[in-house]
Amino acid sequence: MENPKILASKLISKETKLSESQILDLIEIPPDPKLGDLAFPCFSLSKDLKKSPQDIAKDLASKIKPSDIISEIRATGPYINFFLDNTKLSKQILSRILKEKNKYGSLKPNKQIYIIEFPSPNTNKPLHLGHLRNIALASSISKILENQGYTIKRINLNNDRGIHIMKSMLAYDIWGEGRTPNSEKIKSDHFVGDYYVLFSNKAKETPNLINQAQDLLLGWEQKDPNIRALWKKMNKWALDGFEQTYKRLGLKFDKTYFESDTYKGGKAIVEQGLNQGLFFKNEDGAVLADLSHENLGEKILLRPDGTSVYITQDLYLADLKYKDFKYNKSIYVAGSEQNYHFQVLFALLKALQKPYAEDCYHLNFELVYLPEGKMKSREGTVVDADDILDEMHEIAKMEVSARHDNISEKKLDQIAEKIGQAAIRFFLIKYSRNKAIIFNPKEAISFEGETGPYLQYALVRANKILAKQKLSKPDYSLLNSEEEIALIKKLAQFPEKIQESFKQYSPHILANYTIELSQQFNTFYEKCHVLKAESKDLKNARLSLVQAFTQTLKNALHLLNIEEVELM
RNA sequence: GGGCCUGUAGCCUAGUCUGGAUAAGGCGUCCGCCUUCUAAGCGGAAGAUCGUGGGUUCGAAUCCUGCCAGGCCCA
């Protein structure tokens, strides 16, 4: 059976001068399903034929004969509207979903390797809500890419050196008095972060502390054993803490890089570029790249004293990643504030004629703000990732236990964690990437309406219907109510919605679709009783529809990194 | 000074890439629905000069352009 849109294009093409592909681009979905399933607007033919679009629509609609899955063709004003044969459509879509199961919506493996780098934290403070947006986006994009056939390698870069690290080290050195995360019973990355905040507070009264931190950095670079030992100890605390959070989020990396290993690496690449005449040296001895042809001006790569700047190490790391993975594409997940940085980086890679230069992509997103403004770790005005996860967990736990008794504490915690994470993840994914999120803890996160738990709840209800029911061969022609047909048509959109999300690297398209799908199911659920359907055959047909819905919703939730729960 | 992003009902957003029929969803408000598969749900109502002026087009939330407001980056 043919794709209805292609079939409609063929039929129109026979009666007009337009090619099938031209028509395919013009065909749209009417705003109201009562108007039809597909529509062809006749405005563009109007000039050529010197007739009004209304007359053209009338004329064409009488000439074109319905066939196959297209059951009726009708002119409505300037549009030719196509109606589909619901029985054929239901059969086509539902049997496909039930056959393909968890493959429904996916494409076959294509042998391309994509690497995706995130969330690349600094090791002087715990992960915050901004990192969670980064992780939620990157995790979902990774799943979507895998769904589309790509092999994904997840990598992480720890920014574990630099002045910010020295600040928390210095504060601990002065005021730590041998305390440890264990002795204070604090999660180890939070313990480190507390000293970073302490440093900032003390430095307001004692500006000289900044100089001391600078000295510490010099000592670190000269590999002073005492400084290195402290650095190792505190970095381990930070990294151990991150690891716990990653584990909670089900996050595993194929490879982890450390800035302290790579930060000196770019110098040779720059010098080689200089020798090849790709870069130039100015009067004071600094090495620069001329990127004015890319509208990026001139960029310093090595200072007059020969020390490298921040972007130099990224050149080295790009090379290293290519050696490690021989990727087809390298995706950097980072905030839009770094747009310029990545533009420069990619332009430099191009100037260096790197084979992978065109395959680098900055997957950007706007930051998460608080109602008061930007989150600032050093001032303690942040929403810690662990804290918000705990908070969501507790709220979810209260909600579940209010509805169900006789659940073990263990089960309760398992379910609450899945619901809490669904809420926060969905919240961070549902907006388009270039929209800043103002996070108002009192209002922003809810378990009702367009939320993760709404999706989980729809699945719980559907699963309950299917429990202990046997499916036999359904008669799809019985599914002819408005609600049933609407749900089937929604199910049919799933593959193209994934592809759209993939094309734009934007899970929010899929997130919004999944809400619409669940809304349509809930409408069906209210109007069409399954287990008490008027006849055995109707019940059976509806069971197949519910089965197809749960399959599709599960597939969607997988791509959004939302876990299924057995009860809510 | 230059560049990028954002502006859609009281609030949060989708739709903008690829122009098309009465601008869609959620929160909140109001009215209804639990002796029927879980009410974290469903139905209905009210609520929009699509920031603003101009232009292109048969047709603009969508394309071009001037301006205004907010955010970010570079110098």
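The chains referred to below are lettered A, B, ... by the order of the sequence lines, with proteins before strands, and numbering in each begins at 1.
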**Report entry** Candidate list L479(A), L94(A), L84(A), test side-chain contact (heavy atoms from CB on, under 4.5 Å), partner L89(A), passing option
**Finding:**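 Single pass found, and it is L84(A).
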Query raised in the report: Has the side chain of E28(A) got a donor or acceptor atom sitting under 3.5 Å from an opposite partner on the base of G20(B)?
Result: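 For E28(A), whose side chain was compared with the base of G20(B), there is no donor-acceptor pair (under 3.5 Å).
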Requested in this report: Decide yes or no, distance alone: a donor-acceptor N/O pair under 3.5 angstrom between the base of A21(B) and the side-chain of N81(A).
Outcome: yes
Nearest to side-chain heavy atoms of [X], which nucleotide of [options]:
X	options	value
Q504(A)	C17(B), U22(B), G41(B)	C17(B)
Y457(A)	U38(B), G25(B), C73(B)	U38(B)
E337(A)	G41(B), C37(B), C72(B)	C72(B)
E450(A)	G41(B), A21(B), G26(B)	G26(B)
T523(A)	C42(B), A14(B), C37(B)	C42(B)
Y79(A)	C42(B), C37(B), G20(B)	G20(B)
K435(A)	U13(B), A21(B), A40(B)	U13(B)
Y369(A)	G25(B), C72(B), G41(B)	C72(B)
K503(A)	C37(B), A40(B), U18(B)	U18(B)
V400(A)	A40(B), C12(B), A39(B)	A40(B)

**Report entry** Nucleotide paired to C72(B) in any strand shown, Watson-Crick or G-U, under 3.5 Å
**Finding:**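 Its partner is G3(B) (Watson-Crick or G-U wobble, both distances under 3.5 Å).
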Query raised in the report: Can you tell me the Watson-Crick or wobble partner of G41(B), both distances under 3.5 angstrom?
Result: C33(B)
Query raised in the report: If you pin P31(A) and F447(A) to their nearest nucleotides in RNA chain B, which one's is more 5'?
Result: P31(A)
Query raised in the report: For K497(A), does the NZ atom sit with more than 12 other heavy atoms under 6.0 Å from it, leaving out its own atoms?
Result: yes
Report task. Would you classify F43(A) as touching base, sugar-phosphate or nothing, given that sugar-phosphate means primed atoms plus P, OP1 and OP2, and contacts are heavy atoms under 4.0 Å? Result -> base
Requested in this report: Looking at every strand, decide which applies to I419(A) at a 4.0 Å heavy-atom threshold: base, sugar-phosphate, or nothing.
Outcome: base
Query raised in the report: Does the side chain of E484(A) pick up a donor-acceptor pair with the side chain of S481(A) at under 3.5 Å?
Result: yes
Requested in this report: Run the salt-bridge test on E409(A) and K397(A) with the 4.0 Å N-O cut-off and return the result as yes or no.
Outcome: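 Yes, E409(A) and K397(A) are salt-bridged.
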Requested in this report: Would you classify C34(B) as syn or anti? Syn applies when the glycosidic angle is within 90° of 0.
Outcome: syn
